[in-house]
S.K.: 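I am attaching a structure below and will ask some questions about it afterwards.
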Amino acid sequence: MLRTHTAGELRFENVGERAFLCGWVASRRDHKGTIFVDLRDRYGLMQCVLRRGEGEDALVMERGSELPLETCIRVSGEVSARPEGLRNRKMPTGDVELLVDELEVLGTAETPPFELEADGELSDELRMRYRYLDLRRKKMTALMVLRHQVTSRIRHWLDEQGFLDVETPILTKSTPEGARDYLVPSRERKGAYYALPQSPQLFKQLLMVAGIDRYYQIARCFRDEDLRADRQPEFTQLDLEMAFVTEEDVLQILEDLTVLLLREFRDHEAATPFLRMSYAEAMATYGTDRPDLRFGLEISDLTESLADSGFRAFSATAQAGGRIRALRVPGGATLSRKQLSGLEDVARENGGKGLVWLKVGDDLALGGPAAKFLGEPENEALKGRLGAQAGDLLLAAADQERVVAQALGAVRLEVGRVLDLIDREAWCPLFVVDWPLFEWNEDEQRFDALHHPFTSPMAEDLDMLETDPAAVRARAYDLVVNGVELGGGSIRIHQEKTQRRVFDALAISEEDADAKFGFLLQALKYGAPPHGGFAVGLDRLVAQLAGVTSLREVIAFPKTTSAACPLTGAPAPVSEDQLGDLGIRPVR
RNA sequence: GGGGCCGUAGCUCAAUUUGGUUAGAGCACCGGACUGUCGAUCCGGAGGUUGAGGGUUCGAGUCCCUUCGGCCUCGCCA
């Protein structure tokens, strides 16, 4: 070993010991006769002192005076107590310093492209291009450590619960539904392609058939869709599946794990059991399938009360079968016109036609552009149903149910931000349950699976698969924490016949089903056990625990919004030879 | 594919309303001073195709068009 200690571990009790340290020059303060070098490694920061004087080593002083920042060095010397009054309380190692008598430059650094110890904002691109420098920074190192500790804890706990970690293929078969696949051309069979997995879904189901009745994997998943702050083209799932279980068993595991992680990594004792909310209630009351319960502002449906309103935007929508919904913002009458206009923009950006706002005056009279269209009965209905009080703001919208839900859901979040209603310390986990199995796809005039095609319908809804697919509920569930969808899962179909009926409802022909999912259907014929599981977005989970909003912060080598890697330059062209091996000729 | 914001020194940012002289500052870097600093301090210096291309103008960092890149977002993400 080139070192005896790390830069973060030396304390007062080490005084007198001889130590060898390796690390990077985080800071250098040269006083000519005395040079202070702050040595950084992943464990911390240690002040090293180079001194002219008795027993001086001219070579050490010379090297020390020429050390560029971020140079990798090895030093040795005696651990010494810092003189009284010169101790640094901000540093864990601030009581001691290393009196350097040997200094070896292991790797000289060019002037870094940015200052690692500075506070300022840096562009993501720059950080990604020099990620190896970015990751040296204390904050980033801590995030990497946190991620490791979380995965390590998860593995340990699942091991205790009897789960087997099984790896599944990265080169696999394209699944036609869902996200766009990343494809890998086959050299052996030209014109054929592997796909990178969007998730290990089918393999874990096969493992259930195989009798691996408790499986998990921390699995890389790939989806070729546009990126967001919370979406990377390759991401990591904690993937888990159990045989011989019902929803309750799976949710219990998920809840136990969430409680454990919040306790150990956020020192938060989550209340159990977690709230369960139906998909329908989430959509109606919060306008989203992943409600942020850290603040109120519930949405109310006022369609019946306002259907005959003199306000045509309301009455016409109600007659057309749409819904009129509103939320009350306590004390929101203080919002400026500009802020209200901003809320209107949010409604429009999220599909709504507009937003009706009404301020509740001291006399409880409603003010605002739309107020004059509302008669006394509507006024009373609004105020009564919403419980309006003086100084409140009422926000209403009317549209088809899905649209009004999404628009008001977005407005609700924006109001929460603008008025700073979100309790930053709160953790509000819940399970969203009772999902519809299918979702009507207007463009393609058929049903899509809302979760995925392998999700089991509820037994009591099975008969409606052919007669009323839209009414069939799924044995699916999502884990939502603070408005973030951390994961989800379902009880799967374990009977071939049922799986075929679901494919049929999805307008997947028998031939297509056999061609694409024949291996699954085949496996289900050999004594498949009832099973179910879930997948948690590990990057999102770690980001939540770390209190950061972008997944890029918790991924060592992330990609930009255009799915590129500024560090390696991927994606990049390849040689014609490489393409030739694969039987591929580029389109010019 | 659409919308929004951004791009000026290595980094973070300025550049006076409505286009006007030689594009500035802090940090980093280079040189000098300094034996107790701790994101050292002080003195001096160097550093620019204002992302790229085109246009308007007597004159463009500033206005217009195109393009590249980054971030946010809608669509998309079973």
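Each chain gets a letter, A, B and so on, in the order its sequence line appears, and its residues count up from 1.
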S.K.: With under 30° as parallel and over 60° as perpendicular, where do the rings of A:Phe517 and A:Phe503 fit, or are they tilted in between?
M.R.: parallel
S.K.: Sort out the partner of B:G7 for me: Watson-Crick or G-U wobble, both distances under 3.5 Å, none otherwise.
M.R.: B:C68
S.K.: For a quick check, tell me whether the side chain of A:Asp38 and the base of B:C38 share a donor-acceptor pair closer than 3.5 Å.
M.R.: no
S.K.: Quantified in whole Å, what is the C1' atom distance between nucleotide B:U12 and nucleotide B:G48?
M.R.: 16 Å
S.K.: Taking the P atom of each, how far is B:C34 from B:A23, in whole Å?
M.R.: 37 Å
S.K.: Of the options B:C11, B:C72, B:G75, whose atoms approach the side-chain atoms of A:Leu122 most closely?
M.R.: B:C11
S.K.: Kindly say if A:Arg29 contacts the phosphate of B:U37, meaning a side-chain N or O under 4.0 Å from OP1 or OP2.
M.R.: no
S.K.: Pick the nucleotide of RNA chain B nearest each of A:Arg180 and A:Arg28; which residue has the one closer to the 5' end?
M.R.: A:Arg28
S.K.: Taking salt bridge (Lys or Arg N to Asp or Glu O under 4.0 Å) as the definition, give me every residue that meets it alongside A:Asp434, ordered by chain and number, with sequence neighbours left out.
M.R.: none
S.K.: Would A:Asp504 and A:Arg501 count as a salt bridge (Lys or Arg N to Asp or Glu O under 4.0 Å) here? Give the steps.
M.R.: CA-CA 5 Å; A:Asp504 189 52; A:Arg501 285 174 69 190; over 6 Å; no
S.K.: What's the closest nucleotide to the A:Leu86 side chain, out of B:C38, B:C77, B:G70?
M.R.: B:C38
S.K.: Of the options B:C76, B:U37, B:A28, whose atoms approach the side-chain atoms of A:Asp226 most closely?
M.R.: B:C76
S.K.: Does B:C38 have its OP1 or OP2 closer than 4.0 Å to a side-chain nitrogen or oxygen of A:Ser27?
M.R.: no
S.K.: If I pick the C1' atom on B:U67 and the same atom on B:G7, what distance separates them, to the nearest angstrom?
M.R.: 14 Å
S.K.: What's the gap between B:A28 and B:G19 when it is taken at their P atoms, as a whole Å value?
M.R.: 37 Å
S.K.: Charged N to carboxylate O under 4.0 angstrom, A:Glu401 versus A:Arg325?
M.R.: yes
S.K.: Nearest-Å distance, CG (A:Leu450) to P (B:C76)?
M.R.: 13 Å
S.K.: Within the 4.0 Å limit for protein heavy atoms, which parts of nucleotides 2-10 of chain B are touched? Write it as a string from 5' to 3', B for base, S for sugar-phosphate only, - for none.
M.R.: --------B
S.K.: Report the distance from atom CD of A:Glu485 to atom P of B:C77, rounded to the nearest whole Å.
M.R.: 13 Å
S.K.: Between A:Ser550 and A:Pro453, just flag the one whose closest nucleotide in RNA chain B comes earlier from the 5' side.
M.R.: A:Ser550
S.K.: Salt bridge (Lys or Arg N to Asp or Glu O under 4.0 Å) with A:Asp448: which residues, sequence neighbours excluded?
M.R.: A:Arg446
S.K.: Base, sugar-phosphate alone, or nothing: which one does A:Ser562 contact when heavy atoms must sit under 4.0 Å apart?
M.R.: sugar-phosphate
S.K.: Does A:Phe222 CZ have over 12 foreign heavy atoms under 6.0 Å away?
M.R.: yes
S.K.: Considering only B:A28, B:C76, B:C72, which nucleotide approaches the side chain of A:Arg231 most closely?
M.R.: B:C76
S.K.: Tell me whether the count of non-hydrogen atoms from other residues, nucleotides or ligands lying under 6.0 Å of CD in A:Glu110 goes above 12.
M.R.: no
S.K.: Kindly point out which of B:C77, B:U37, B:C11 is positioned nearest to the side chain of A:Arg82?
M.R.: B:U37
S.K.: Nearest to the side chain of A:Gln47, which nucleotide is it out of B:C76, B:U37, B:C71?
M.R.: B:U37
S.K.: Assign A:Pro566 to base, sugar-phosphate, or nothing according to its heavy-atom contacts below 4.0 angstrom with the strands shown.
M.R.: nothing
S.K.: What distance, rounded to whole Å, do you find between the two P atoms, one in B:G10 and one in B:U49?
M.R.: 7 Å
S.K.: Send over the distance from A:Arg223 CZ to B:C77 P, rounded to a whole Å.
M.R.: 10 Å
S.K.: Under 4.0 Å, counting only non-hydrogen atoms across every strand here, what does A:Arg552 touch: a base, just sugar-phosphate, or nothing?
M.R.: sugar-phosphate
S.K.: Tell me what A:Asp224 touches on the nucleic acid: a base, only sugar-phosphate, or nothing, going by heavy atoms under 4.0 Å.
M.R.: nothing
S.K.: Just how far, in rounded Å, is C1' of B:U41 from NE2 of A:His31?
M.R.: 8 Å
S.K.: Within the 4.0 Å heavy-atom criterion, would you say A:Glu121 contacts the bases, only the backbone, or no part of the nucleic acid?
M.R.: sugar-phosphate
S.K.: Among the nucleotides B:C38, B:U73, B:A40, which one has an atom lying closest to any side-chain atom of A:Thr561?
M.R.: B:U73
S.K.: Any strand counts, and the cut-off is 3.5 Å on both contacts for Watson-Crick or G-U wobble. Which nucleotide pairs with B:G19?
M.R.: none
S.K.: To the nearest Å, give me how far apart CD (A:Glu97) and P (B:C38) are.
M.R.: 14 Å
S.K.: Could you tell me whether the side chain of A:Arg290 and the main chain of A:Gly483 form a donor-acceptor pair under 3.5 Å?
M.R.: yes
S.K.: Counting heavy atoms from C-beta on, name the nucleotide in B:A28, B:C71, B:C74 closest to the side chain of A:Met128.
M.R.: B:C71
S.K.: Give the rounded distance in Å between these two atoms: CZ of A:Arg290 and C1' of B:C77.
M.R.: 11 Å
S.K.: B:C29, B:U12, B:A33: which one has an atom nearest the side-chain heavy atoms of A:Lys32?
M.R.: B:A33
S.K.: Should B:A25 form a Watson-Crick or G-U wobble pair with both distances under 3.5 Å, which nucleotide is its partner?
M.R.: B:U12
S.K.: How many Å lie between CG on A:Asp134 and P on B:U12, as a whole number?
M.R.: 12 Å
S.K.: Please measure how far the C1' atom in B:U57 lies from the corresponding atom in B:U18, and state the result in whole Å.
M.R.: 15 Å
S.K.: Taking NZ, NE, NH1 and NH2 as the nitrogens, is one of them in A:Asp292 or A:Arg294 under 4.0 Å from a carboxylate oxygen of the other?
M.R.: yes
S.K.: Using atom P of each nucleotide, how far apart are B:G59 and B:G3 to the nearest Å?
M.R.: 33 Å
S.K.: Which whole number of Å gives the distance between the P atom of B:A25 and that of B:G44?
M.R.: 12 Å
S.K.: Any Lys/Arg nitrogen of A:Glu439 or A:Arg402 sitting under 4.0 Å from an Asp/Glu carboxylate oxygen of the other?
M.R.: yes
S.K.: Below 30° counts as parallel, above 60° as perpendicular, anything between as tilted: where do the rings of A:Phe447 and A:Phe438 land?
M.R.: tilted
S.K.: Between atom CD in A:Gln406 and atom C1' in B:C76, what is the gap in whole Å?
M.R.: 13 Å
S.K.: Check whether any side-chain N or O of A:Arg127 sits under 4.0 Å from OP1 or OP2 of B:G70, and answer yes or no.
M.R.: no
